[in-house]
Amino acid sequence: MKKVYTKPKSLKDAPFHYCPGCGHSIIHRLVAEVIDELGIRDKVIGIPPAGCAVLAYNYFDVDMCESAHGRGCAVGTGFKRAQPDKIIFTYQGDGDMAAIGTAETLHAANRGECITSIFVNNAVYGMTGGQMAPTTMLGQKTTTSPMGRRPDVEGYPLMITDIIATLKGAAFVARHSLATPAKILAAKRSIKKAFEVQMQGLGYSLVECLSPCPTNWKVTPVEAFKLLETRMEKEFPLGILKDVTKKAKG
Amino acid sequence: MKKVYTKPKSLKDAPFHYCPGCGHSIIHRLVAEVIDELGIRDKVIGIPPAGCAVLAYNYFDVDMCESAHGRGCAVGTGFKRAQPDKIIFTYQGDGDMAAIGTAETLHAANRGECITSIFVNNAVYGMTGGQMAPTTMLGQKTTTSPMGRRPDVEGYPLMITDIIATLKGAAFVARHSLATPAKILAAKRSIKKAFEVQMQGLGYSLVECLSPCPTNWKVTPVEAFKLLETRMEKEFPLGILKDVTKKAKG
Amino acid sequence: MAANGMIKIDQNLCKACELCINVCPDNAIKLSSSLNHKGYHPAEFVSERCKACALCAIVCPEIAIEVYRDR
Amino acid sequence: MAANGMIKIDQNLCKACELCINVCPDNAIKLSSSLNHKGYHPAEFVSERCKACALCAIVCPEIAIEVYRDR
Amino acid sequence: MLTKTVMSGIGGQGVLFSGICLAWAAMKEKWEVTYLPSYGAEMRGGVASCTIAISDEEIASPVSSSPDYLVIMDNLSLLRLQNLCASGGEIFINTSLVTERPLRGDIELVELPVTDVAEENMGLRYANMVMLGAFIERTHLVKLSTIIENMGEILGKEKAKFRDKNIEALKVGSRLISKEL
Amino acid sequence: MLTKTVMSGIGGQGVLFSGICLAWAAMKEKWEVTYLPSYGAEMRGGVASCTIAISDEEIASPVSSSPDYLVIMDNLSLLRLQNLCASGGEIFINTSLVTERPLRGDIELVELPVTDVAEENMGLRYANMVMLGAFIERTHLVKLSTIIENMGEILGKEKAKFRDKNIEALKVGSRLISKEL
Amino acid sequence: MTDKILMKGTNALGEAAVQAGCRCYFGYPITPQNELTEYMAKRMAEVGGVFVQGESETASINMVLGAAASGVRAMTSSSSPGISLKQEGISFIAADELPAVIVNIMRGGPGLGNIAPSQGDYFQATRGGGHGDYRTPVFAPASVQELYDITMHAFDVADIYRTPVIILGDGMLGQIMEPIVLNEKPKVKLPPKDYILDGAKGRPSRIIRSLILDTREMEAHNWKLKRKYDLMRKELPMWEEFMTDDAKLVVVAYGTAARIAKGAVKRSRKEGISVGLLRPITLWPFPEEAIKAVAKNARVFLVFEMNTGQMVDDVKLALEDNSRCVFYGRPGGEVPSPMEISRIIGRHWVQKEL
Amino acid sequence: MTDKILMKGTNALGEAAVQAGCRCYFGYPITPQNELTEYMAKRMAEVGGVFVQGESETASINMVLGAAASGVRAMTSSSSPGISLKQEGISFIAADELPAVIVNIMRGGPGLGNIAPSQGDYFQATRGGGHGDYRTPVFAPASVQELYDITMHAFDVADIYRTPVIILGDGMLGQIMEPIVLNEKPKVKLPPKDYILDGAKGRPSRIIRSLILDTREMEAHNWKLKRKYDLMRKELPMWEEFMTDDAKLVVVAYGTAARIAKGAVKRSRKEGISVGLLRPITLWPFPEEAIKAVAKNARVFLVFEMNTGQMVDDVKLALEDNSRCVFYGRPGGEVPSPMEISRIIGRHWVQKEL
Ligand SMILES: Cc1ncc(C[n+]2csc(CCOP(=O)(O)OP(=O)(O)O)c2C)c(N)n1
Ligand SMILES: Cc1ncc(C[n+]2csc(CCOP(=O)(O)OP(=O)(O)O)c2C)c(N)n1
Ligand code: SF4
Ligand code: SF4
Ligand code: SF4
Ligand code: SF4
Ligand code: SF4
Ligand code: SF4
Ligand SMILES: [Mg+2]
Ligand SMILES: [Mg+2]
């Protein structure tokens, strides 16, 4: 029989340390598959975050450089400016990208840095144990919003992806979800597009993936994936928010 | 004869240290007039920036607390949360608010902090001698964009005010210009509105003022005021970008 | 019509999240009654009806599933 | 019709930016030929035609101008 | 006398709570006591463990490089910790999940199928309490009655509903030892 | 011998450039030299000043608490600096703008209407060069010719167009002294 | 209440803050101190205080500044990398002379390091990791009870001297549970807060600022701060001595390291070694006089730190004789056993022929 | 070129960086070092290098990390408050063992302070203001020529030891213009950059990281760094001695303070006082051995700093006799004259009956 689905080459042979049903490793796989398909493994430099994916360098079989919490896009800028021919991606959680890293993310996008950000939105701080994230939804209970996020006290879920889509330096911006296999494949298509846009030198690209954190949502993995559809996608509408290659054609 | 225009009471009797034709002192006067008119002098706490207006506490006759460069909205959050009955305003330049302070500004707005930011956009770092600001316009020469700002290298002017207007926590957001007496008076109306919105507890309010920096633009004051209209207002369209009180009525 | 397929599940990688079970259109997977060395009851392939659609592999967070097709 | 007005310019506050001169609809202001102690040729009020419109005061960055009206 | 116990399992097995129960009881019985959880970068699926030191005088180090007692709830824990146990110490093993055994001869093994027992009686999640009941019945570090009396307080209001089943599990555990003896 | 000169005016009057010219010439004439601008929070309108130290040996401090020469281009500078000048020192005053005079009797005053002179000849902005010409003609700290020869290099390519008028102003300034003598 | 309760270090700290009247907490999650942030989230809601999860550590410390300038007792907490991000803010708070309590539950470093107990931030805490001439009192409790008591004290110290105060713990102190007594906060006479900004009502407007362009004024301010620090040096030092009376060898250690050292001292005593422990509770001001006093009898000082050697400088500065000072370090999160330290004690005992 | 040219400190530094092969500069404006940032903006464009004005100091230092990990010589610069904001990043670069040059043109502090020459950041620079056990070489040049030469050296040191290096100046050194010779960069054998990330082409993929969860590994890394620092302590110290041979009193001062002290020494010598100057050029590693050597003849050390007393600790640590050490400080930006310092020298000369 023919093997039709197996581990991508750009991943090492290490078992993941993530919780059962965590979205991070699915997204790792998508990125690795894209790297394989584009044949760019030997040109890629990845920048994992401080967050549950901090150990991503143990999984990706490409050059990887850790970043301080939130500074992925600044570190990425350093790499890209120093080596414009390399392909740089940052991999960041919602806290990393949209709280402490707000300025770095926004300004890298605004400068049109040709880097790609994979933005894993699980609406919570996973690694540190379930605190409120900028993307925590109204009413959602976390350890630091024990009464559920209240708009008048903790503010609103921050739509950082939508903000970035408004920036002229951003070339490709999309939001996806891992809720179903079809959606997972759609996310992969956008990740591929994001890398391609970078390779064409068109500017900053970002793919947000709504991703489950069963542990901190305190539900089973299957429930968590359902919540992606029934809850998160309502707050964070899916879609391609910006694609300069489309505009060019249109 | 009746005195019809004189110094507002909320300003001290100190001559300004600003350069000839600088917009900062005009904006100081507008804010002071609004404080006088609202009768809130004894409830106001102002937060000047690191920037040319760093010495604003020498001019305003209200309680004033210096902020580290870019952290005005964080300091303001501290004040407002500790004393919800006080009226807090931050006074910030473009570098302060939209470069180093990006995260603090965005998140305070997103939390809907009931504070008011007066945002002085002169498209340049005034105090430090004319470096590029996030709002420096394409082609504009500064000491750190000596070839003129290039979109592919230095990125685009950051429309932070427009971004803030998209945030649910922001209640009133407007952009004005000092180009003519009529526009100056319009700016004042918005500043007043911004304070009122704060007093009504509706959320974050921000008034951007396009303001001349003749020194670093290397033109005469009269030319600088003309450039406000012929150049800056083209890049930064004036208007009230958000007003929740209008929506409530409509 | 449907291809004849099968999957291999690396039982020691599996964390019993049941996502594969949940997506398999043919109910071809279930949890094993034995424990793996991580303490999970891992998923196991139980059916001949697999059409190698790979949905299970696409959702498996542990890349524990390899999919094979007869043609 | 137009009110009769006048302005007072604090010559030591004035930095000769000429903004007032530029906006005055009645050309009622010009730069003085003498220097103030900051080294500027300050603005001075030169006309009887002032209608106390206060435009000059509104633009003056130094709050150097006070406007008076007869009624 | 200073006695140190390390309890270890995979996250979710409740070993941390077991440790707190033990520490709480020791406190109520006026011992000096420290409780130290291990805390890892991994949220779930990783090994969770805690160290409880009980003594009649001030406790210097709350960590333990060679505990007197080891309570092992899963294979990985055994793998990581088996060499730690002091010579002459005892290792309590949850035989329902732990398929391996330590090779050392200088320690005593106490083998208990607590997960199975819990599943049969109160439910899978009470394996930790079954183990704790057995552990106390055998070690006599504290009185089982002290834990039972304080279970309500330990659990707090939010988790009060688990009180009865926890107590039941403790008792089942203690009987597991008595039966064996 | 160590000689320190402080030049001061309001921003835009070009005293910093005058100072650089002086320092440059001193360097070309193989003196040890330091040039230190004051730099303030105020961009324009504030006082701008610089200190030039010229010596035949290594210069310790480039600042000066009691300069030998003071060059004063405006009233505010006089106000701030008049007490600084060393006893027996000289103060060069731009009488076109400086209406005040120092009260001290232990210093020499050199009064020159350089702004007026510049305005009449090359234009207002050359007042600094007129003053420098006069200053050098009187102090002989360096040779005027050294500055003139190096003016092109000092200005650099971008500002080369000012070379001739600068030189002219220097000469006018030096004649201002000669005439007075 | 004198009944003991079992409490986690972070929670004891949080509860003490609440009891001390802290009503504003601003922080950002970071292991191993998340439980403190989470505790404050819960408790501030209960007591009607303010809890804001800042968008970063930088934002949080500046929020503290605003709350402190409002006259409210304010606190933030973090762990090593997050504390580095607060350095600018701490420098500002020190310059503004505002009271604040800053908690650093240290982790292994530098960089991201790990979350194990470590004492790598001693210099940063005691030398002012931020810019400029300032110091902050630094408290290093060694047990949950002491953490509770010292936290209440820290708020008083902050108010009395108008200064940011640092509480320095490590992951172990934060995570450990021990029985404690919830002692009442001692009553302390505090100076009036006549500097706060609460609107210029019936008084002239006030300014809080650290920009002092005039160099003479700036110098005066620096010397004013220095005088304050000198006063603290006199008034604040705290330390514990254990069996130092007849000790020829004295172990100097703080926090978690000191606990272990104490166990080691007990062990070594049983072996007939006359060894004692001097445990600085304030790291700044450093209990120099205590070292000097003990040095009259003791010959050798063994400094034990969970780093590669930082406090050892302060001991040397007090001793003025580096040859009497030896160092043992375990950086990176390995917590040695009392036995290990007593081996080290024994080795030096023999080598130095004590 | 051996012709002298008149050059501003900041520009000389920038030019030296360019000559040393620095091709990536990331910075954020702050007085009194703006001219350096501006110089780099111009020069990087000319030499085809990278200039990015970061959105903050925090961003800039992390950009430096990325560029350094790419194998390109990279630099950032700032002044005191901005340097505080870089502390986390510096700790990461040190942990990652990446080379970088970080310039701090100090201003008065704490807080916003002022922009006058000051030396308040000595501790921050020499003790690792960031978290964790790390050190950075710190160079403190005292003239524009030295600034030029040392900057080139700094890049080599960074590469040789794979470490962030700090160049510590003050507003005066940055702003002053002096004639300098544009010396050529000395040729130095550098280790191969076999750690850089440039795509895993024809080699296994590489990782740069500072997270080391395993405590034993972390400890090993800490000791590895420590060994490197010990090596630097041996190999890096630089200092200047002036008239120390027969000096009974030795002034210890660095940077701008040392210039003034030198003038004072000359003056005092004329009055027959046998005084000398020891000027540390590296502040870390501190030239301890030099102090010890001079201390064989000299009786008293007068430490002069433009702060309230920081380096004085290092002198005391070297002397092991605090009574031989006196301190004179002028914080906040007042630059004393050589005469003032020679007065201080005279006073101690008399008081100590030298
Ligand atoms: C400066 C700093 N602050 C805080 C932390 C602690 N920290 C690590 S990851 C993280 C947030 C994790 O949340 P997110 O970015 O959403 O990633 P996730 O774990 O959810 O994937 C935090 C706060 C840190 N490492 N460094
Ligand atoms: C942390 C920090 N970085 C940099 C500075 C230096 N600085 C002071 S003001 C300023 C920018 C001024 O520009 P802007 O905010 O636009 O205000 P403006 O002067 O133009 O009104 C900078 C970079 C500082 N004081 N602190
Ligand atoms: S905590 Fe959440 S995000 Fe982190 S590994 Fe577990 S499930 Fe994934
Ligand atoms: S530099 Fe520009 S912004 Fe600053 S005071 Fe002068 S004109 Fe105003
Ligand atoms: S490949 Fe498709 S049919 Fe086969 S087991 Fe997987 S999900 Fe089921
Ligand atoms: S999806 Fe993968 S990990 Fe989850 S149960 Fe199936 S095989 Fe196991
Ligand atoms: S008030 Fe109006 S008319 Fe009168 S001087 Fe001013 S601008 Fe001119
Ligand atoms: S606007 Fe004011 S400052 Fe400007 S010239 Fe007129 S009076 Fe003078
Ligand atoms: Mg997250
Ligand atoms: Mg600006």
Side-chain angles (χ1 to χ4, degrees), chain B residues 9-12 17 35 40-51 53-88 90 100-111 113 115 127, chain G residues 22-26 28 44 48-76 85-93 95-96 98 100 130-131 195-213:
Chain B
K9 294 216 171 48
S10 297
L11 285 182
K12 295 176 185 166
H17 72 284
I35 293 174
I40 54 176
R41 191 193 144 267
D42 57 4
K43 279 187 182 177
V44 164
I45 300 167
I47 301 168
V54 66
L55 294 174
Y57 46 63
N58 287 345
Y59 310 127
F60 283 100
D61 193 17
V62 305
D63 279 4
M64 299 281 277
C65 180
E66 171 190 283
S67 151
H69 188 38
R71 317 304 175 193
C73 286
V75 173
T77 297
F79 271 109
K80 189 70 180 196
R81 296 279 177 142
Q83 306 180 77
D85 59 323
K86 297 300 180 311
I87 297 149
I88 315 292
T90 71
I100 192 168
T102 308
E104 285 76 8
T105 307
L106 233 72
H107 282 272
N110 191 56
R111 279 191 308 267
E113 297 294 343
I115 61 177
M127 172 174 233
Chain G
C22 170
R23 287 299 176 273
C24 279
Y25 174 94
F26 306 95
Y28 189 82
M44 282 293 121
V50 170
F51 171 89
V52 177
Q53 181 175 316
E55 55 275 23
S56 69
E57 290 86 352
T58 313
S60 304
I61 188 74
N62 285 290
M63 292 175 187
V64 165
L65 192 152
S70 296
V72 177
R73 286 195 155 180
M75 178 166 93
T76 185
L85 291 172
K86 291 183 197 285
Q87 292 304 325
E88 188 202 25
I90 297 174
S91 176
F92 270 74
I93 295 175
D96 288 350
L98 293 172
H131 60 286
Y195 54 85
I196 66 170
L197 306 188
D198 55 357
K201 190 169 196 149
R203 59 158 172 80
S205 59
R206 286 180 187 151
I207 295 170
I208 291 181
R209 61 103 177 75
S210 64
L211 180 82
I212 309 182
L213 287 173

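Side chains are part of it too, since the values below use all heavy atoms of this structure and drop only hydrogens, waters and symmetry mates. In the text below, chain A, chain B and the rest are named by the order of the sequence lines, each starting its count at 1.
- Contacts between G:V64 and chain B at a heavy-atom distance below 4.5 Å are absent for every atom of the residue.
- In this structure, chain B has heavy atoms under 4.5 Å from both the backbone and the side chain of G:D198.
- G:L211 has its side chain within reach of B:Y57: a pair of non-hydrogen atoms, C-beta onward, lies under 4.5 Å apart.
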Residue pair B:S67, G:L65: steps toward the side-chain contact (heavy atoms from CB on, under 4.5 Å) verdict: CA-CA 9 Å; B:S67 151; G:L65 192 152; over 6 Å; no

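- Checked for salt-bridge contact, G:K201 and B:D63 miss the test: no charged N lies under 4.0 Å from a carboxylate O.
- Heavy-atom distances place both the backbone and the side chain of G:S210 under 4.5 Å from chain B.
- In this structure, B:R81 CZ and G:M44 CE are separated by 13.5 Å, a value rounded to the nearest 0.5 Å.
- The most heavy-atom pairs under 4.5 Å with chain B, out of G:V72, G:I208, G:L197, come from G:L197.
- A distance of 12.0 Å separates CZ of B:F60 from CD1 of G:I207, quoted to the nearest 0.5 Å.
- Interface residue B:K86: only side-chain heavy atoms are found under 4.5 Å from chain G.
- Side chains of G:E55 and B:R111 form a contact here, defined as non-hydrogen atoms less than 4.5 Å apart.
- Note: B:D61 leads B:N58, B:T77, B:D61 in heavy-atom pairs under 4.5 Å with chain G.
- Taking B:H69 as the reference, H:Y28 meet the ring pair (Phe, Tyr, Trp, His ring centres under 6.0 Å) condition, with sequence neighbours excluded.
- Residue pairs that meet the side-chain hydrogen bond (donor to acceptor under 3.5 Å, both in side chains) test with at least one member in residues 59-73 of chain G, sequence neighbours left out, are B:Q83-G:S70, G:R73-G:D156, G:R73-G:D159.
- Between B:R71 atom CZ and G:F92 atom CZ the span is 9.5 Å, to the nearest 0.5 Å.
- Contact tally against chain B (heavy-atom pairs below 4.5 Å) for G:G89, G:A69, G:C24: the top residue is G:A69.
- Between chain G and the residues B:K43, B:E104, B:K80, the most heavy-atom pairs under 4.5 angstrom are made by B:E104.
- Looking at G:S205 and B:M64, their side chains never come closer than 4.5 Å, going by heavy atoms from C-beta outward.
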